[in-house]
Amino acid sequence: MPVKPVRCEHLVPVVADPAAGPAIPAAACQAHRVGVGRSEERLSRGRTPVDQQPTARTVGEAEPSDVHRLGIVCADDAPEAQVQAEAAQGAQPGGQNSEPARKGSGLGNLKIMARDQRSVTPQTEDFAAWYNDVVFRAELVDRGPVRGSMVIRPYGYRIWELLQADLDGRIKATGHQNAYFPLLIPQSYMQREAEHVEGFAPELFTVTHAGGKELEEPLIVRPTSETVIGEMMAKWISSHRDLPLLLNQWANVLRWEMRPRMFLRTSEFLWQEGHTAHATAADATAETMLALGFYQDMAGQTAALATVPGEKTPGERFAGAERTFTVEGMMRDGRALQLGTSHFMGTNFAAAFGITYTSESGTAELCHTTSWGMSTRMIGGLIMTHGDDKGLVLPPAVAPYQVVIVPIGRGEQVEPTVSAAIECAATLQRAGIRTHVDDRPQASPGFKFNDWEMRGVPIRLELGPRELADGTALMSRRLSYRQPEAVKEAIPLDAAPDLLRAELAAFQAMLARRAADFRDGHIAVVSSWPQFAAAVAVGWALALHCGQQACEDEIKTETTATPRCIPLAGEPDQGACVRCGKASAYGTRVIFARAY
RNA sequence: CGGGCUGUAGCGCAGCUUGGCUAGCGCGCGUGCUUUGGGUGCACGAGGCCGCGGGUUCAAAUCCCGCCAGCCCGACCA
């Protein structure tokens, strides 16, 4: 992935929006937490006569192959100018009704709750509040009863399943096999690799009692599975013929979190962890890079995220690893999010767990191991990369519903429009397009439009008497290529499957392109400390660094920015450290950014 | 764990300063009518251990102490 550096002066505010009105102090936004409505119940209760035909309602699901087909699209479908226009578009304030609420005099500003409860906090006003509004209102998650826990609701879980299916395919296609290892790990296992224990000690959950009695040896709830899997690998590997051993598991892990944040930092999260053992360091290194490629590819092709792959600096390395690699994503507020990570362990774990093999020449040798993971955090990355003031924006490849059909009609027209919608959905479904019919009788069309836009559905079709008469549907995109956004387009129903497939592919490409442009526009090559500080305030800084831990710490204290990675594609460069002036390390520039 | 803020109906809030009427309002929810092409309107209705536990008082949503939870800012992290 090429890093296109721009000069510092090209940096722009994260979201340029002169129309957004006065900024409101974050403290005042307290009042703004948005709760979760009951529309889930509504969905299940709103039975209509037409609904007795169960085939049609949210008909089926696309085949995994369709997901891949949609996911891999060319990024050049949308002309640059349109993409630029979109970027500006995304920054516009949300729904039509949010305007009156935002103006208002001094006192009004303190009472933000005066704003329409139906719209989300604008990103420019408070990005964190915006994020919270979106995850709850789009019904991706709900809060669990225990601090730091998260309930992933059906709409959010479907996104995870789509990501999962994509990555699982990539993992299996390269010869890895899925397995499952236990949640509970003897405490002694954790202690065998010195750095590993030390690194994880502050975040461990420990089980001290079972069956009403205190355990002789406490159990650890896995924060990651290197230790159990290492133990099993030692048992399973004896000859070079057993290598490489390529394992993966989909699992939950628990790590105590001081400051939970939905998807980004919760005490329990879902992930995939790959664990492999190899004869040589070269093989293991190649594996490490292969896995990193999974994440980079899936982030770019499927999630439409813009990333920079690189190596972690020693201070950011995984506990127990020799080298750690990462795929860093750029969020719309200019912060970095680690989307996937891949570790070369050398022989550290092999030595700790006795993972050895007999070589061809008969000598006993230590294996070289790797591990790599991608978690539900990726969903947070999706939200913060594509979302706007109307709410979520989902790339078609991971959208639970790629198309939502809103039947429109009153009185006697309800039945025919709803059945037409259901029929249309069935056709699209057969064409591999995930389609949903919103036939809630009590909600007005306008409400549904806003609702599905908030939930990020890429394409909406309106089907009313007029369309029925001439065999068309009115299509509108969550983000359009044209201005003004509200433009709707009539499409012939009989050509809908092909047309929509193309639309979805174009939409996917447009998002990927937009994200890449945003990333490139927010990475600045900096050569002085003031430039550095300015750059990390709004985006990423590409800087020469001495590599000293103390210097890193100072940078962090002063700017809250940390080294995110040493880009793999970084051009050779050296000189004075941007902070302390000593000779630079790493042979190339390092990305510094504020991170999640 | 430190600093700041907040817990009253599903959600958003008022009431608390100065203790006392039946604890209110908006949205949402239910029923009926009316409506439906960008967040329909009207009527009626349901819904509240006022975060939890103690204390002061004739009397506590209101005052005092403790605890718990959530949000924002710092140290940790996929």
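Chain naming here is simple, since letters A, B, ... match the order of the sequence lines and numbering starts at 1 in each. Predicted model only: the values in this text are computed from it and were never measured.
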*Salt-bridged, A/Arg579 to A/Glu552, with N to O below 4.0 Å?*
no
*asked:* Among B/G37, B/A78, B/C72, which nucleotide has an atom closest to any side-chain atom of A/Ser375?
replied: B/A78
*Given B/G37, B/A78, B/G38, which nucleotide is nearest the side-chain atoms of A/Asn450?*
B/G38
*Answer with base, sugar-phosphate or nothing: what part of the nucleic acid does A/Leu339 contact at a heavy-atom distance below 4.0 Å?*
nothing
*asked:* Considering every strand and a 4.0 Å limit on heavy-atom distances, what is the contact class for A/Thr266: base, sugar-phosphate, or nothing?
replied: base
*Tell me: CD of A/Glu257 to C1' of B/C1, nearest whole Å?*
14 Å
_Integer-rounded Å distance: B/C71 P and A/Phe127 CZ_ = 17 Å
*Check whether any side-chain N or O of A/Arg143 sits under 4.0 Å from OP1 or OP2 of B/C71, and answer yes or no.*
yes
*What does A/Glu467 touch in the nucleic acid at a heavy-atom separation under 4.0 angstrom: a base, only the sugar-phosphate, or nothing?*
base
*Measure from the side-chain heavy atoms of A/Arg466 and tell me the nearest of B/G38, B/U36, B/G37.*
B/G37
*Measure the distance from OH on A/Tyr596 to C1' on B/C76 and round it to the nearest whole Å.*
17 Å
*Using the P atoms only, state how far B/G48 lies from B/C1, rounded to an integer number of Å.*
35 Å
*Quick one: the side chain of A/Glu453 and the base of B/G38, do they pair up donor-acceptor inside 3.5 Å?*
yes
*In Watson-Crick or G-U wobble terms, both distances under 3.5 Å, what is the partner of B/G74?*
B/C1
*Rounded interatomic separation in angstrom, taking CZ from A/Arg265 and C1' from B/G74*: 12 Å
*Are any of the side-chain nitrogens in A/Arg460 or A/Asp451 under 4.0 Å away from the carboxylate oxygens of its partner?*
no
*Would you say a side-chain N or O of A/Lys556 is under 4.0 Å from OP1 or OP2 of B/C76?*
yes
*Using a strict cut-off of less than 4.0 Å between a Lys/Arg side-chain nitrogen and an Asp/Glu carboxylate oxygen, indicate whether A/Lys390 and A/Asp388 qualify as a salt bridge.*
no
*Quick one: look up who B/G24 pairs with, Watson-Crick or G-U, both distances under 3.5 Å, and put none if it's unpaired.*
B/C13
*Rounded to whole angstroms, how far apart are CD1 on A/Ile383 and P on B/A78?*
19 Å
_Under a 3.5 Å cut-off for both contacts, is B/A43 paired Watson-Crick or G-U wobble with anything, and if yes, with which nucleotide?_
B/U31
*Do A/Asp470 and A/Arg466 meet the salt-bridge criterion of a basic N to acidic O distance under 4.0 Å?*
no
*What is the pairing partner of B/A69, taking Watson-Crick or G-U wobble pairs with both distances under 3.5 Å in any strand?*
B/U6
*asked:* Looking at the base of B/C77, is there any donor atom on it, or on the side chain of A/Arg377, that sits under 3.5 Å from an acceptor on the other one?
replied: yes
*asked:* A quick test of your reading: do over 12 heavy atoms of other residues, nucleotides or ligands sit less than 6.0 Å from CD of A/Glu198?
replied: no
*A/Leu463 CG to B/G38 P, straight-line distance once rounded to whole Å*: 16 Å
*What do you reckon, are the aromatic ring centroids of A/Phe318 and A/Phe200 less than 6.0 Å apart?*
yes
_Without decimals, in angstroms, what is the distance between A/Leu337 CG and B/C77 C1'?_
11 Å
_Under 5.5 Å centre to centre and under 30° between planes: does that hold for A/Phe269 and the six-membered base ring of B/A78?_
yes
*Side chain of A/Arg410, base of B/G37: donor and acceptor closer than 3.5 Å?*
no
*What is the base-pairing partner of B/U56, counting Watson-Crick and G-U wobble geometry with both distances under 3.5 Å?*
none
*Which part of the nucleic acid does A/Thr376 contact within heavy-atom distance under 4.0 Å: base, sugar-phosphate only, or nothing?*
nothing
*How close or far is atom C1' of B/G12 from atom CG of A/Asn132, stated in whole angstroms?*
15 Å
